[in-house]
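Okay, so here's the structure we're looking at.
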Amino acid sequence: MSKNKARIVSVGHYLPEDRLTNPDLEKLVETNDEWIRTRTGITERRILKDPEKGTSFMAVRAAQQALDAAGVEAEKVDAIIVATVTPDYMFPATACLVQKRLGAVNAFGYDVLAACSGFVYALSTGAMMIESGRYKNVLVIGADKMSSIIDYTDRTTCIIFGDGAGAVLLQPSSDESGVIDFIQRCDGDEDELLCMKGGGSRYPASHATVDAKMHYIAQDGKTVFKKATEAMADISLEIMKRNNLTAEDVAWLVPHQANQRIIDATARRMGVGNDKVMTNIAYYGNTTAATIPLCLYDWKDKLNRGDNLILSAFGGGFTAGALFLKW
Ligand code: UT7
């Protein structure tokens with residue numbers, strides 16, 4: 001392993017103020033608070049209501065907070081990676097908008113599209129940039145304005161997703177802390193099970209795509225649930241085994257927040273007690289690429305140097321990723 005391990009030196013976040021609660025959803029679709037809580041663990045989500053503001057608005061705030069927490073000036077940033085499925089535009093990349101608004105005049109940047117595994121993929125990419133020795137300050141951001149691609153008449157999806165952003169700053173580590181290992185997979189066999197078909201080159205926006213609701217997220221929830229439960233547990237166990245980690249060695253599991261039942265099943269298979277699992281799905285719902293950095297932000301004051309963290313995610317693609325880091 002390279003001697004330039006990448007360490008998370010600071011974390012930032014942004015959550016819109018507006019809350020969409022389960023009782024609010026009861027007014028939009030045929031659902032109820034008890035069903036949503038017992039099937040998903042969600043009680044409310046944050047929504048970026050301002051139609052003039054896209055994902056970059058949240059990403060910039062999260063990134064600025066991470067820079068401020070580390071005391072690093074924007075011009076010191078070498079690279080910006082934004083994981084998102086809801087970029088402001090098809091192009092230019094959201095990372096370029098973030099670069100401009102931060103004043104990160106020396107940085108380059110691009111977006112990573114790996115749905116709910118996006119933050120893990122982006123973090124591993126950023127870590128390799130640091131490990132190469134070429135870069136010293138890399139911003140990794142997970143941000144999604146899911147409300148921009150949700151059909152609020154579809155009760156199978158609108159209850160799940162929320163908006164938010166989280167960011168970490170990576171620097172070379174001077175000790176044992178940092179990103180140690182990661183495993184990443186994808187399986188494009190069943191791309192129809194979780195997708196947004198409209199707006200790309202295959203189905204460019206047209207009256208027909210709008211009429212067919214192709215600019216909204218669509219999923220086969222039951223199948224995705226089953227696959228997510230298996231994949232997140234498998235990949236988390238695999239990274240533990242590969243690094244000779246027992247459940248006792250794991251200080252924190254940081255799972256993607258898709259469904260409380262998926263999180264519980266993953267922890268159970270790993271043998272990790274609930275007291276060592278970061279969960280905030282109750283308050284934010286599934287914010288796609290933002291769930292993991294939002295957990296890191298919420299838990300940052302409880303983390304101790306040297307804690308072993310396992311990050312684990314599964315999402316559209318299908319994509320999956322597990323990452324082992326020492327805090
Ligand atoms: O981040 C990665 C992407 N997404 C995921 O990981 C999501 C994975 N999937 C899930 O979290 C769950 O499958 C859902 C939360 C989407 C659904 O929960 P479920 O326990 O799998 O429910 P189901 O789809 O099996 O539906 C059970 C029943 C059905 O009624 P019948 O056919 O049994 O009469 C649904 O029509 O619940 C009904 N239903 C609802 N009822 C009240 C579905 N959605 C709702 C709703 N409120 N919002």
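The structure presented is a predicted model; accordingly, all values stated were derived computationally and were not measured. Indexing begins at 1, ligand by ligand and atom by atom, following the structure's order. Worth knowing before you read on, the calculation uses all heavy atoms, side chains too, and leaves out hydrogens, waters and symmetry mates.
Around atom OH of Tyr283, no more than 12 heavy atoms belonging to other residues, nucleotides or ligands sit under 6.0 Å away. For Lys276, the NZ atom is densely surrounded, since the number of other residues' heavy atoms within 6.0 Å is greater than 12.
With respect to Asp175 and Arg305, a salt bridge is recorded, a charged nitrogen being found less than 4.0 Å from a carboxylate O. Using a 4.0 Å cut-off between a side-chain N of Lys or Arg and a carboxylate O of Asp or Glu, Lys197 and Glu192 qualify as a salt bridge. A salt bridge is absent between Lys145 and Asp88; no separation between the charged side-chain nitrogens and carboxylate oxygens falls under 4.0 Å.
Geometrically, Lys300 engages Tyr297 in a cation-pi contact defined by less than 6.0 Å to the ring centre and at most 45° from the axis.
Ordered by chain and residue number, the residues placing a heavy atom less than 4.0 Å from ligand 1 are Glu30, Thr31, Trp35, Arg39, Thr40, Cys116, Arg155, Thr156, Ile159, Ile160, Leu194, Gln219, Gly221, Lys222, Val224, Phe225, His256, Ala258, Asn259, Arg261, Ile262, Asn286, Phe314.
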